[in-house]
Colleague: 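My structure is below; once you've seen it, I'll send some questions.
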Amino acid sequence: MDTLQSAGHAAYVVGGCLRDTLLGREPADWDLATDAPPDRVVALFPHAVYENRFGTVVVRKVGVQYEITAFRRDATYSDFRHPDAVEFGESIEEDLARRDFTVNAMAWGSPAGAEPGFVDPHGGRDDLGRRLLRAVGDPDRRFGEDALRMVRAVRLAAKLEFSIEAETFAAIGRNADLARHLSGERVCSELLKLLSARKPSIGLKLMADSGLLAVIAPNLARQRGLSQNKIPGEDLWDHTLRTVDAAPNREVVRLAALLHDVGKPDTLDTGPFHGHESVGAEMARDYLAALHAPRALQERVAHLVRHHMFAYEPGWGDAAVRRFIRNVGPGCIEDLLALRAADNVGSGLPPDAGRLAELAARIEAELAANVVLGRSQLAIDGADLMRELGLPQGRLLGEILDGLTERVVAEPALNDRAILLDLARQAILEREIEQNPVS
Ligand code: ATP
Ligand code: MG
């Protein structure tokens, strides 16, 4: 701010970072507003990066990111998601008027040479005190301009643990349908922020009650009113909410918790809910793909949903534990157990119901013993088989290696070069007999 002001420009801290500071929260990043055009700002700050067509200049200093933007005024909106053009505004007041909620529409600063102070034309500080999210201006008009603001309302309510002011909330109900026009990316980024709240159910409930859920996640909205025999008086959606809240605050696990039973409404008649984890895994992947979530995230969430119904019993032998690790993948075990613990809590059970702690301890013991879980840990590899047994590269080679891996997972003592070569010879012989039966 000093740098801008010394050069004769206005400088204000503005938006979410001011809100968070007043709440005693650490801001994620700092936004500044100024009357200096971007090329002036770039000239004033060494290492500044002029990032996009919205006229934002990014300055990084000791690990903190500052985004400096010239006062803006949004021009007309025709597609419910982006202004057709961004124009520079004349004043901080104009800049604040285009912002979404009153608590996000305050500034602290001054024109060049003046003492800094608060600029709060929309009563943001009062709303902050009441912990209320209220649209700046007429909520119907503001949501009509940009439907993402409705999604931002519910995610900010979850993150800040604020309520949504009644008129603003009613306007979300009236305009929810406009969220159809939003790009997957924008919804995804707000949804992930919502899920990272201490208690995501605050935002998810508001989403469902306002009608927004039916538009941006119709398959989850179908969980409402669907009864199941878990907690008396609660439906499947209540179960999902409890599960999400109980899940540890990691992106994959929270998403998997949100989507773990998404397949249930479609498997009502199959025994009931039989196979919902496979149906749900596909639905979860499709949903995240439509949101343009990163591919790896789609796959991981689908994988967790697919495996969340495992049924551990103390009667499992060590080989069964190792096969379980191999199927789930060692890198996913922790997330899967966390998901199941959350699912337990969501069902009104203690987190380690189904002897989860016992299973976790047995898994840990297997992993600590460095047991073989995949081809790469076998005492021989494809090159050995090619050299020693004259096998050509190809499908047979792969099948033999997989067969050997299965054997060693069941019986670790077999992981010895000589033994494995013998087993491979036997396997080849058996195949030859199978293919040329003596009649
Ligand atoms: P977070 O703490 O998650 O960063 P935030 O409110 O700061 O929350 P940002 O996306 O960083 O969210 O946006 C910064 C500011 O820009 C907001 O506080 C708000 O003033 C304004 N803003 C962001 N998105 C919109 C929008 N869709 N419509 C109007 N104003 C917006
Ligand atoms: Mg921010």
Colleague: Do you know which two heavy atoms are closest between Ala171 and Asp140, and how far apart they sit?
Modeller: CB-OD1, 3.8 Å
Colleague: Answer yes or no: is there a side-chain heavy-atom contact under 4.5 Å between Val64 and Trp30?
Modeller: yes
Colleague: State whether the side chain of Thr240 and the backbone N or O of Leu258 hold a donor-acceptor pair below 3.5 Å, judged by distance alone.
Modeller: no
Colleague: If you look at every heavy atom in Val321 and Glu366, which pair is closest and at what distance?
Modeller: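 So the two residues come closest at CG1-CG, 3.9 Å.
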Colleague: Could you state the interatomic distance from CD (Glu313) to CD (Glu358), rounded to the nearest 0.5 Å?
Modeller: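 CD of Glu358 is found 11.0 Å from CD of Glu313.
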Colleague: To the nearest 0.5 Å, how far apart are CG in Asn344 and NZ in Lys230?
Modeller: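 It comes to 8.5 Å.
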Colleague: Less than 6.0 angstrom separating the ring centers of His307 and His260, yes or no?
Modeller: no
Colleague: If you look at every heavy atom in Ala153 and Ile172, which pair is closest and at what distance?
Modeller: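 Smallest heavy-atom distance, with atoms named: CB-CD1, 3.9 Å.
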Colleague: Rounded to the nearest 0.5 Å, what separates atom CD1 in Ile380 from atom CD1 in Ile400?
Modeller: 9.5 Å
Colleague: Between Arg152 and Glu190 (salt bridge meaning N to carboxylate O under 4.0 Å), is one present in this structure?
Modeller: yes
Colleague: Going by atom types only, do Glu67 and Thr56 share a side-chain donor-acceptor pair under 3.5 Å?
Modeller: no
Colleague: Could you tell me the separation between the CZ atom of Phe310 and the NE2 atom of His308, rounded to the nearest 0.5 Å?
Modeller: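 Rounded to the nearest 0.5 Å, the CZ-NE2 separation comes to 9.5 Å.
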Colleague: Whether the Asp343 and His239 side chains hold a donor-acceptor pair (N or O, under 3.5 Å, no angle test) is what I'd like checked.
Modeller: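 Checked: Asp343/His239 side chains pair up, N/O donor to acceptor below 3.5 Å.
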Colleague: Any donor and acceptor pair, going by atom type alone, linking the side chain of Arg322 with main-chain N or O of Ala410 inside 3.5 Å?
Modeller: yes
Colleague: Check whether any side-chain N or O of Thr405 sits under 3.5 Å from a backbone N or O of Leu401 as a donor-acceptor pair, and report yes or no.
Modeller: yes
Colleague: Less than 3.5 Å apart, any donor N or O on the side chain of Gln298 or Arg285 sitting next to an acceptor on the other?
Modeller: no
Colleague: Would you say Asp261 and Val305 make side-chain contact, with heavy atoms under 4.5 Å?
Modeller: no
Colleague: Taking Glu399 first and then Arg431, would you say they form a salt bridge - that is, a charged N and a carboxylate O separated by under 4.0 Å?
Modeller: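 Yes, Glu399 and Arg431 are salt-bridged.
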Colleague: Closer than 4.0 angstrom, basic N to acidic O: yes or no for Asp318 and Arg362?
Modeller: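 Yes.
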Colleague: Flag the pair Asp245 and Arg254 as a salt bridge only when some basic side-chain nitrogen lies within less than 4.0 angstrom of an acidic carboxylate oxygen.
Modeller: no
Colleague: Any donor-acceptor pair under 3.5 Å linking the side-chain atoms of Arg99 with those of Asn104?
Modeller: no
Colleague: Please name the pair of heavy atoms, one in Arg98 and one in Arg149, separated by the smallest distance, quoted to 0.1 Å.
Modeller: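 That closest heavy-atom pairing would be O-NH2, 3.7 Å.
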Colleague: In sequence, state the C-alpha distance, the side-chain angles, and the governing distance for Arg417 and Glu388, and then conclude on side chain to side chain contact (heavy atoms under 4.5 Å, CB included).
Modeller: CA-CA 11 Å; Arg417 210 184 133 75; Glu388 301 283 334; 3.3 Å; yes
Colleague: Name the atoms and distances for all side-chain donor-acceptor pairs under 3.5 Å in residues 208-221, with sequence neighbours left out.
Modeller:
unit_1, atom_1, unit_2, atom_2, d
Asp209, OD1, Arg224, NH2, 2.7
Ser210, OG, Leu206, O, 2.9
Ser210, OG, Met207, O, 3.1
Ser210, OG, Leu212, N, 3.3
Asn219, OD1, Arg222, NH1, 3.0

Colleague: Under 4.0 Å between a side-chain nitrogen and a carboxylate oxygen: does that hold for Arg355 and Asp352?
Modeller: no
Colleague: With the threshold set at 4.0 Å, does a side-chain nitrogen-carboxylate oxygen contact exist between Asp335 and Arg250?
Modeller: yes
Colleague: Dump the intermediate steps for salt bridge (charged side-chain N to carboxylate O under 4.0 Å, His left out) on Arg134 and Glu167, then the final yes or no.
Modeller: CA-CA 8 Å; Arg134 182 198 308 270; Glu167 259 315 297; over 6 Å; no
Colleague: Is the backbone N or O of Met106 less than 3.5 Å from a side-chain atom of Asp120, with the two atoms forming a donor-acceptor pair by type?
Modeller: no
Colleague: To the nearest 0.5 Å, tell me how far Glu165 CD sits from Asp127 CG.
Modeller: 7.5 Å
Colleague: Is the backbone of Leu178 close enough, under 3.5 Å, to the side chain of Asn175 for a donor and an acceptor to pair up by distance?
Modeller: no
Colleague: Restricting to side chain to side chain contact (heavy atoms under 4.5 Å, CB included), what partner residues turn up for Asp422, sequence neighbours left out?
Modeller: Arg425
Colleague: Run the numbers on Tyr12 and Leu32 for side chain to side chain contact (heavy atoms under 4.5 Å, CB included), then give the verdict.
Modeller: CA-CA 5 Å; Tyr12 297 88; Leu32 287 93; over 6 Å; no
Colleague: So, are Arg198 and Glu161 salt-bridged, with charged N and O less than 4.0 Å apart?
Modeller: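 Salt bridge flag = yes for Glu161 with Arg198.
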Colleague: Taking all heavy atoms of Ala424 and all of Leu404, pick out the closest pair and write down the distance.
Modeller: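 That would be N-CD2, 4.1 Å.
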Colleague: Under 3.5 Å, is there a donor-acceptor pair between the side chain of Arg306 and the main chain of Glu277?
Modeller: no
Colleague: Side chains of Asp177 and Arg180, heavy atoms from C-beta outward: is any pair under 4.5 Å?
Modeller: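 Asp177 vs Arg180: side chains touch.
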Colleague: Under 4.5 Å between any side-chain heavy atoms of Cys188 and His292, yes or no?
Modeller: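 SC-SC contact between Cys188 and His292 ruled out.
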Colleague: Nearest 0.5 angstrom please: Thr102 OG1 to Arg130 CZ, how far?
Modeller: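 If I round to the nearest 0.5 Å, the distance is 8.5 Å.
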Colleague: With a 4.5 Å cut-off on side-chain heavy atoms, are Arg242 and Glu234 touching?
Modeller: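 With C-beta onward as the side chain, the pair touches.
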Colleague: Of all the heavy-atom pairs spanning Leu337 and Leu356, show the shortest one and how long it is.
Modeller: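 Heavy atoms only, the tightest pair is O-CD1, 3.8 Å.
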Colleague: Side chains of Tyr287 and Leu259, heavy atoms from C-beta outward: is any pair under 4.5 Å?
Modeller: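 Yes, their side chains come closer than 4.5 Å.
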Colleague: Spell out, as yes or no, whether a donor-acceptor pair under 3.5 Å connects the side chain of Asp235 to the backbone of Gly225.
Modeller: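 Such a contact is found between Asp235 side chain and Gly225 backbone.
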Colleague: Taking the side chain as every heavy atom from C-beta outward, state whether Val252 and Leu304 have any pair of such atoms under 4.5 Å apart.
Modeller: yes
Colleague: Do Leu132 and Phe162 come within less than 4.5 Å of each other through their side chains, counting heavy atoms only?
Modeller: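 Side-chain contact under 4.5 Å: no.
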Colleague: Answer yes or no: is there a donor N or O on one side and an acceptor on the other, between the side chain of Asn436 and the main chain of Glu432, under 3.5 Å?
Modeller: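 At least one qualifying donor-acceptor pair exists.
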Colleague: Has Arg326 got a side-chain atom pairing as donor or acceptor with Val372's backbone, closer than 3.5 angstrom?
Modeller: no
